[in-house]
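For reference, the structure discussed in these notes is given below.
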Amino acid sequence: MMDLSKDWNELPSRVEATRLRAAREMDRPPSPDTQPPWKIPELVLCGAAVSGRIAVEGQDTRNFALDFDSFKREAIAAVKAGAAMVHIDTGGIAAIMESGLSVPEIFDKVAGDINAEIGQDWVADGNILRGRSFAENLYPVTSGMLETTLMAPRFPVDWMQTTAKVCMDNEVPLFLVIHSAAEVDLAYRYIISQGLVKKPYCFDVLIGYPFDDATDWMATYLANPKAMVHELMLIVDRIKEIDEDSIIMVNAAGRAGHYLIAQAMLLGLHVRTGTEDMAFRFPHRNDLIESNTECVLRVKQTAESLGRRLATPEEYRQMIGAKKRGKKAAA
């Protein structure tokens, strides 16, 4: 800016200012100061959903978690590879769900087995949809086992609102799972606007699955890269309209897999990887993922190549307002 305290007759005219500015040649680019840094957090919250149920109907299941021992093995390996959180959901794993144990007993055993051998900090996240009663549904929360949990806004309203209240009363952050942009509106109307979750609002974006006529609910299938980019941006925009500071975690799912969470990391979002929601290493090839360790290491490498790093469990808790539990499960 020109110094207006001077005699204005001595200040250059537009023509003189243009001459003094001169033309900028391509070998003399603008100063780096003209490029302010983007608003992207250094930390990436990385969770691992280690269940192998996506491969149940396949013939080649590699190291996928399909029983108690392999679930424990994959969970511990994921944490040691750098995941701050492990998602506990054994639904669809026959060797576990048909073991004769109740849902609370299954959670106690799975989390207890992990705690007994892991030897380091981790955030326990889990599914609260299983069980024969509301008490069994919410047992992982009320028992002090889980530090975070999640729920799609597509269930009976009374059940959802009561579940959200129990989570808030127990200081367990609730991630609202979004399978399509329409569910963002449901999450806002039935949960957020009712004051049943606290800031920061947490969302878990799970898109990319194909569905068929045997499925009683729908989500967004990503058939190509353009669809992936557009759909994720649409959902993120709808979430940011609710609150710009929302925590958004994007799942590696379906064929999009790691490509989808790479896009998420480019956008400054957070990610969940693992064999619960994806089986293929790449969307354009049929190579199967070997293990959850592979999934987490790929997230770590991608994050580091983008100048970001994986959050520790304690950094994860601080970012989302989670409370470290004194008792994750009885061993």
Side-chain angles (χ1 to χ4, degrees), residues 1-6 8 11-47 82-85 173 175-176 178 181 184 187-188 192 197-205 207 222 225-252 256 258-273 296-322:
M1 181 181 292
M2 294 188 292
D3 187 354
L4 295 178
S5 66
K6 292 183 177 181
W8 287 17
L11 298 179
S13 68
R14 179 197 60 80
V15 172
E16 180 65 7
T18 300
R19 185 187 67 79
L20 292 172
R21 180 184 67 182
R24 185 181 297 282
E25 300 294 339
M26 288 305 294
D27 60 353
R28 189 168 161 260
S31 165
D33 294 340
T34 65
Q35 304 174 56
W38 290 6
K39 187 180 178 182
I40 290 180
E42 179 183 351
L43 293 182
V44 178
L45 307 182
C46 178
M85 172 270 277
F175 278 78
L176 296 165
I178 305 301
V184 178
Y188 177 74
I192 295 172
V197 288
K198 297 179 180 179
K199 291 187 176 182
Y201 302 139
C202 296
F203 292 86
D204 182 272
V205 178
I207 55 178
L222 307 176
K226 186 176 180 179
M228 176 188 76
V229 172
H230 286 183
E231 191 66 28
L232 182 58
M233 286 305 308
L234 173 65
I235 290 172
V236 170
D237 284 347
R238 297 293 81 77
I239 291 173
K240 294 284 189 177
E241 288 168 1
I242 295 172
D243 190 279
E244 182 68 26
D245 296 322
S246 295
I247 300 294
I248 303 175
M249 179 173 289
V250 178
N251 293 356
H258 190 81
Y259 275 43
L260 182 57
I261 57 175
Q263 180 191 350
M265 284 188 275
L266 285 169
L267 294 171
L269 308 178
H270 307 287
V271 300
R272 191 181 87 178
T273 189
V296 176
L297 289 178
R298 290 177 72 193
V299 170
K300 182 178 181 181
Q301 291 164 359
T302 303
E304 289 175 349
S305 72
L306 298 174
R308 304 182 68 187
R309 69 171 176 85
L310 302 192
T312 66
E314 190 54 35
E315 288 170 332
Y316 190 155
R317 294 184 187 100
Q318 291 175 8
M319 193 176 297
I320 65 174

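Any value given below was found using the heavy atoms of this structure, including those in side chains, with hydrogens, waters and symmetry copies removed.
- In this view, Glu244 satisfies the salt bridge (charged side-chain N to carboxylate O under 4.0 Å, His left out) rule with no residue, not counting sequence neighbours.
- The salt bridge (charged side-chain N to carboxylate O under 4.0 Å, His left out) contacts involving residues 30-42 comprise Glu42-Arg309, where partners must be two or more places apart or lie in separate chains.
- Here the shortest heavy-atom pairing between Ala252 and Ile261 reads N-CG2, 3.4 Å.
- Two residues are said to be in side-chain contact when any heavy atoms from C-beta on lie closer than 4.5 Å; Ile192 and Leu176 meet this criterion.
- Annotation: salt bridge (charged side-chain N to carboxylate O under 4.0 Å, His left out) contacts of Lys198 (sequence neighbours excluded): none.
- Minimum interatomic distance between Gly82 and Leu310 (heavy atoms only, all atoms of both residues): O-CD1, 3.5 Å.
- Counting heavy atoms from C-beta outward, Thr18 and Arg14 have side chains that approach closer than 4.5 Å.
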Problem set entry | side-chain contact (heavy atoms from CB on, under 4.5 Å) between Val250 and Ile235, intermediate numbers included | CA-CA 11 Å; Val250 178; Ile235 290 172; over 6 Å; no

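- With hydrogens and angles ignored, the 3.5 Å screen pairs no side-chain donor or acceptor of Arg298 with any backbone N or O of His258.
- Separating the CE atom in Met85 from the OH atom in Tyr316 is a distance of 3.5 Å, to the nearest 0.5 Å.
- Residues Asp245 and Pro200 form no side-chain contact, since every pair of their non-hydrogen atoms from C-beta on lies 4.5 Å or further apart.
- In this structure the side chain of Pro41 reaches within 4.5 angstrom of the side chain of Arg308, judged on heavy atoms.
- Here the CZ atom belonging to Phe175 is positioned 8.5 Å from the NE2 atom belonging to His270, to the nearest 0.5 angstrom.
- Looking at Glu16 and Arg19, their side chains come closer than 4.5 Å, going by heavy atoms from C-beta outward.
- Between the CG atom in Leu232 and the CG atom in Leu267 there is a gap of 6.0 Å [rounded to 0.5 Å].
- In this structure, the separation between CE on Met233 and CE on Met228 is 12.0 Å, given to the nearest 0.5 Å.
- By the 4.5 Å heavy-atom criterion applied to side chains, Val205 and Leu269 are not counted as neighbours.
- Using a 4.5 Å heavy-atom cutoff, the side chains of Val229 and Gln263 are in contact.
- Between the CZ atom in Arg272 and the CG atom in Leu45 there is a gap of 13.5 Å [rounded to 0.5 Å].
- The two residues Pro173 and Ile320 have their closest heavy-atom pair at CG-O, 3.9 Å.
- Heavy atoms of other residues, nucleotides or ligands lying less than 6.0 angstrom from OH of Tyr201 number more than 12.
- Residues Ala311 and Ala84 come closest through the heavy atom pair O-CB, 3.5 Å.
- One finds the CD1 atom of Ile178 at 11.5 Å from the CG atom of Asn251 (value rounded to the nearest 0.5 Å).
- Residue-environment remark: NZ (Lys199) stays at or below the threshold of 12 foreign heavy atoms within 6.0 Å.
- For the pair Met319 and Ile247, the tightest heavy-atom approach, listed with the atom from each and the gap, is CG-CD1, 4.0 Å.
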